[in-house]
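Everything below concerns the one structure shown next.
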Amino acid sequence: MKISELPVDGRIKKVILERGIEELYPPQAEALKSGVLEGKNLVLAIPTASGKTLVSEIVMLNKLLKEGGKAVYLVPLKALAEEKYREFKEWERLGIRVAATTGDYDSTDEWLGKYDIIVATAEKFDSLLRHGARWIDKVKLVVADEVHLLGSYDRGATLEMILTHLMDKAQILALSATVGNAEELAEWLNAELIVSDWRPVELRKGIFHLGTLFWEDGKIDRYPENWYSLVVDAVKRGKGALVFVNTRRSAEKEAIALSKLVSGYLTKPEKRALENLASQLERNPTSEKLKKALKGGVAFHHAGLSRVERTLIEDAFREGLVKVITATPTLSAGLNLPAFRVVIRDTKRYSNFGWVDIPVLEIQQMMGRAGRPKYDKVGEAIIVARTENPKKLMERYVHGKPEKLFSMLANEQAFRSQVLALITNFGVRNFQELVNFLSKTFYAHQRGDTLSLEYKAKDIVYFLIENEFIDIDLENNFIPLPLGKRTSHLYIDPLTAKKFKDAFPKLEKNPNPFGIFQLIAATPDMATLTVRRGEMEDYLDLAYELEEKLYTGIPYYEDSRFQGFLSQVKTAKVLLDWINEVPEVRIYETYNVDPGDLYRILELADWLMYSLIELYKLFEPKGDVLQYLRDLHLRLRHGVREELLELVKLPNIGRKRARALYNAGFRNVEAILTAKPRDLLQVEGIGLKILEDIYKHLGVEHTLEVKEKPKKKGNLYDYLK
DNA sequence: GCTCCGTAAATCTAGACAGCATGTC
DNA sequence: CTAGATTTACGGAGC
């Protein structure tokens, strides 16, 4: 089907034609003929990179230009929100306003009211629904990207609830990977279903076993015995490869091993560019390894990397400078990062229950990364059989059908939070109304009834009443209480709120960072660091040493909570070091954490610290305690000791610059105001731009005496031209 | 009695959403 | 039933 034949507004077609797209792919055409342009719901289950985005763009624009209102595009990752936002930005040419919102930025509900397309993570949108922003009524279309995440244990329930909330109010376009029961999903959503495995780039799948590559069509290629040869071969042919492994350590090890084999195929300018790239990295144990790999044109990619490092690698791979990436599942879903050849080294993964097979769905998503639409005629995805039987792998992952999607609504933690939200934010007034709502979920559709779900809901309701999140009157009507409403708005687990609440009496008597951080680390919303065998005693000792600072008892060794407690102590200790200005690199080394891990811990602690304060405000807070908590929150956010709090409130002044200023004798705002700019500029990290911003922030007209003779290199003049 | 070295046993293991108010080095 | 890289523990050799 030609773009020009599309039954949509000519302006839409014009923009698409200008992208150089004249013809729709078959599944795209089929999707657009399904009635989705006339407002019908649609489940579109087609491979990644076969044009789901274009379909959703056409559907969104058609809807917006015809009916007005808003379209919401739901994604599972913040990085993906960013990516889609940039793509959709193009439609601003037609006067369509596009916004992205995640937990990171742009949170005010009403601010979003000005936009037509809103890209959001599922959780963020759930939160917006709870806050009841006025523009929600104007949402006419919801596009749910990667809707198979409905089956994810910890995050599936959110998506299921959003869709349940909106399925009668807005049109739904659900984009899914191929799953075992797409029909069931479509039935639930009262949607048309389109399933296709058509891809713009042909995908060849194969199994590699001891030097023999068995393609799915029966053809056979011979290689040297080690699977490294598959990667080297791709590079030799001027292409790239993506290697999937199951641990961070493996990713790092294989990257360094492969870099030695690949480096011989790099040109001189490439080597120089890679050197240059490596020199941009900061100095820490993880990036030292990364540098080593990068010099040979290979990089590893996992959640331990900092954001900067991750994007650096992704961009370099897209440019073709980095030839090979070895990755944990960070790259299996989401970001658009295709490669000619995908090599899957592992099909098992360690979980809480031991070694488990990686789901077919996930392996197929990895395989789907093979083949770059603009460069390759085919993409190759190869699974390495090392210990597994190659025939079995072929059956399971190449010819096999992906798993069915199962509702995860009954997951205790997720469900608890959702039941609370239904009562405090979505007007559910009694148990019968709760059951009515639950009967509309995918869970109910799939199981045929909600009996066991009701049983769980009842327990949760008791828990909520008992802990004063809600109340119940004589006619058995629910009454939302302040604690419940605030908890739901803060988007924290009610169990987290309960733990905070229970700790307040002790906390009030003895507010201290260690106790508070352990408390935060003990909530189900926090991620904790694992304590290795050899460290256990250290953290137990630390706990006993600081026992009187804790708001909880120290569990015995036999206690099932013992292991978790030690993790909490370790996490609290890291946070303690952070606010005591221990340099990041030392934290990485001491606690064996990667930059990405530290970032994550800090991000979560920041959010939970804020939530703790907000909840404390509900319980007749003492002024001095509240102030103490606020200061601690600020220290946590910036990673500083108390004495730097004043400085760190200045724009662009973080833990390093604040410390530099303080040590140079500028200990507060007053000192900065009275100081000569010249002296301030001597401080490490303080330049003209920074200083200008500080003065602006303080509302001071301080003519920077830039005309005075330049100190050293004359760069002050350069700055001003 | 101490250190060094090689081997066996033990250890450890992926990822990442949410609030709020604006900017790290 | 199914892992594999790396660290730690241990025991023997050499001084």
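Just so we're on the same page: letters track the sequence lines, and every chain starts at 1.
Pair check for C/dA9 finds B/dT7; Watson-Crick or G-U wobble, both atom distances under 3.5 Å. B/dT22 makes up no base pair with any nucleotide shown, lacking Watson-Crick or G-U wobble contacts both under 3.5 Å. Applying the Watson-Crick and G-U wobble criteria (two distances, each under 3.5 Å), C/dG4 pairs with B/dC12.
In summary, A/R307 and A/E82 do not engage in a salt bridge, as defined by a charged side-chain N under 4.0 Å from a carboxylate O. In summary, A/E692 and A/K689 do not engage in a salt bridge, as defined by a charged side-chain N under 4.0 Å from a carboxylate O. In this structure, A/E589 does not pair ionically with A/R586, as no charged nitrogen and carboxylate oxygen lie closer than 4.0 Å.
Using a 4.0 Å heavy-atom criterion, one finds that A/H697 contacts no nucleic acid atom at all. Residue contacts for A/L604: at a heavy-atom cut-off of 4.0 Å it reaches a base atom on one of the strands shown. When heavy atoms are screened at a 4.0 angstrom cut-off, A/R130 is found touching no nucleic acid atom at all. Residue A/T530 is in sugar-phosphate contact alone, with no base atom involved, counting any heavy-atom pair closer than 4.0 Å across all strands shown. Within the 4.0 angstrom heavy-atom criterion, no nucleotide atom of any strand lies near A/L608. Nucleic acid contact class of A/I601 (heavy atoms, under 4.0 Å, all strands): none. If you check every strand for non-hydrogen atoms under 4.0 Å, A/D606 touches a base.
Nearest-nucleotide mapping onto DNA chain B: of A/L77 and A/G534, the residue sitting toward the 5' end is A/G534. Residues A/R533 and A/D525 each lie close to DNA chain B; by heavy-atom proximity, the contact nearer the 5' end of the strand is made by A/R533.
With B/dC17, C/dA5, B/dC20 as the candidates, the nucleotide lying closest to the side chain of A/R155 is B/dC17. Here the side chain of A/W607 is nearest to one of B/dC20, B/dA18, B/dT13, namely B/dA18. Minimum atom distance to the side chain of A/T387 is reached by C/dG4, of the listed C/dT2, B/dT13, C/dG4. Distance from the side chain of A/P651 is smallest for B/dG23 among the nucleotides B/dA14, B/dT13, B/dG23. The side chain of A/T102 sits closest to B/dA18 out of B/dA18, B/dG23, B/dG15.
Note on A/K253: a side-chain N or O is less than 4.0 Å away from OP1 or OP2 of C/dA5. Distances shorter than 4.0 Å separate none of the side-chain N or O atoms of A/T330 from OP1 or OP2 on B/dA16. The side chain of A/R532 places no N or O atom within less than 4.0 Å of a non-bridging phosphate oxygen (OP1 or OP2) of B/dT11. At B/dG15, one or more side-chain N or O atoms of A/R248 fall inside 4.0 Å of OP1 or OP2 (strictly under the cut-off). Taking side-chain N and O atoms only, A/K78 has a distance below 4.0 Å to OP1 or OP2 of B/dA18. Remark: A/S127 is in phosphate contact with B/dG19, judged by side-chain N or O atoms under 4.0 Å from OP1 or OP2. Taking only side-chain nitrogens and oxygens, A/T121 comes nearer than 4.0 Å to OP1 or OP2 of B/dA18. Regarding contacts with the backbone of B/dG19, a side-chain N or O of A/K124 is found under 4.0 angstrom from either OP1 or OP2. Proximity of A/R310 to the phosphate of B/dA16: a side-chain N or O atom is located under 4.0 Å from OP1 or OP2.
One interatomic measurement links the two molecules: CE of A/M609 to P of B/dC20, which rounds to 16 Å at whole-angstrom precision. Between the C1' atom of B/dA18 and the CG atom of A/L74 lies a distance of 14 Å, rounded to the nearest Å. Nucleotide C/dA3 holds its P atom 12 Å from the CG atom of A/N246, rounded to whole Å. Computed from coordinates, the A/H638 NE2 to B/dT24 P distance equals 6 Å when rounded to whole Å. Rounded to an integer number of Å, the gap from A/R349 CZ to C/dG4 P is 17 Å. Atom-to-atom, NZ of A/K348 to P of B/dC12 comes out at 22 Å; the value is rounded to the nearest Å. The CG atom of A/N592 sits 8 Å away from the P atom of B/dT13 (whole-angstrom rounding). Here the C1' atom of nucleotide B/dG19 and the CD atom of A/E123 are 14 Å apart, to the nearest Å.
No hydrogens or angles considered: nothing links the side chains of A/Y591 and A/D597 as a donor-acceptor pair under 3.5 Å. Using modelled atom types, one finds no donor on one side chain facing an acceptor on the other under 3.5 Å when comparing A/N246 with A/Y350.
Across the C1' atoms, B/dA14 and C/dC1 are found 24 Å apart, a figure rounded to whole Å. Across the P atoms, B/dA16 and C/dG4 are found 25 Å apart, a figure rounded to whole Å.
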Evaluation steps, side-chain contact (heavy atoms from CB on, under 4.5 Å), between A/T424 and A/R486 = CA-CA 9 Å; A/T424 59; A/R486 201 72 195 98; over 6 Å; no
Verdict with reasoning, A/Y616 to A/F504, per ring pair (Phe, Tyr, Trp, His ring centres under 6.0 Å) = CA-CA 7 Å; A/Y616 179 60; A/F504 285 150; 5.2 Å; yes
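Heavy-atom contacts from other residues, nucleotides or ligands closer than 6.0 Å to CD of A/E643 number more than 12.
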